[in-house]
Amino acid sequence: MRAMRLHASGPLTDDRLSLDEVPVPEPAPGELLVAVGACAVCRTDLQIATGDLAPRALPVTPGHQAIGRVAAIGAGVSGWRPGDRLGAYWLAGTCGRCRFCVAGRENLCADARFTGWDRDGGFAEYMLVDASVAVPVPTGLPDIQAAPLLCGGVIGYRALHRAGVRPGNRVGLFGFGASALCAIQVARHWGCEVYVCTRSEAEQRRARELGAVWAAGYDEPCPVPLDAAVTFAPVGWVVTRALASLDRGATVAVNAIHLDEIPAFDYADLWWERSIASVANVTRNDALEFMELAGAIPIATQVSVYALEDAISALRDLEAGRVAGAAVLAVAPTADRM
Ligand SMILES: [Zn+2]
Ligand SMILES: [Zn+2]
């Protein structure tokens, strides 16, 4: 089979990923062999390729937003049949024994394994997936549309929960990239009033098209006190900006792995039981719930499609900010089907 593999991290030269011919892997007990239809490309894949995130295994096949079909089933797996469509996402497995895992907070497991980092991901014609983390993919979403939901979509959904969003709430979204594009569709589906702060006027327009009641730049004060907020920009001052927009008792969830320093703020902005929460990784329940919801809404995504062997172009375009919507590798000829 063909796989775009990373042998050593570094600048995105033509040969940073090499198109290797490797044997189709055999599923071990508990695993599924998946024929990949499409795999979306995430900023984390870029960080692993360049070495911003030190690779944990080499060579490795990146890609942690893969949609495919079950091609073979390992011993002891139940609930999956050949041909079933599934999604593989960032969480590849957890220890299952630590106090976080047993309490249903497996996103905090210190021994978690990740797809396309600890084990081979979806930039290949086949991949192995631990059956216990695989999620079904709803009908109605073609592979290339469903793939980008598996990272930014799922984490945006978790962020809405971390912010305590309830149906009908007034919700603020600060920053409006791929993850927020999914979050607004979920919030609108829940009947929330959505307020969007983003610098880009094109993104403000897009937010209004998707049902935001108000969208403006960061310098304009939010017109109402918010019941919940999520920040998507990796910038500390945006968090204080969101905090200052909250009603009493409300939470701002910070959807960022890295953030520069949060500037000093007046304690009055936190008083009245306001909270700042971070969002780390996802659980398999987040992925299950979100993918089901994505099919029911159904969530619309904008994609730029690349061939598997053009993965390096996709990474470069992502690095240069040239991708409209999400970059997706169409791995199988059936990638545009449901
Ligand atoms: Zn990702
Ligand atoms: Zn654990």
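If you're wondering where the values come from, they're calculated on a predicted model, not measured in any experiment. Both ligands and their constituent atoms are indexed starting at 1 by order of listing.
- A salt bridge is absent between Asp52 and Arg43: the closest approach of a Lys/Arg side-chain nitrogen to an acidic carboxylate oxygen does not fall below 4.0 angstrom.
- By the neighbour-count criterion of 12 heavy atoms within 6.0 Å, atom CD of Glu292 is sparsely surrounded, having that number or fewer from other residues, nucleotides or ligands.
- Taken to the nearest 0.5 Å, the CG atom of Leu308 stands 9.5 Å off from the CG atom of Leu17.
- Around the Zn ion (ligand 1), protein N, O or S atoms at less than 2.8 Å comprise Cys42 SG, His64 NE2, Cys151 SG.
- Listed by chain and number, the residues in a side-chain contact (heavy atoms from CB on, under 4.5 Å) with Cys182 are Leu149, Phe290, Ile299 (sequence neighbours excluded).
- Taking the charged nitrogens against the carboxylate oxygens, Asp111 and Arg97 have no contact shorter than 4.0 Å, which rules out a salt bridge.
- A parallel orientation is assigned to the rings of Trp90 and Phe114, their planes being inclined by less than 30° (bins at 30° and 60°).
- The angle that Cys109 SG and Cys98 SG make at the Zn ion (ligand 2), rounded to 10°, works out to 120°.
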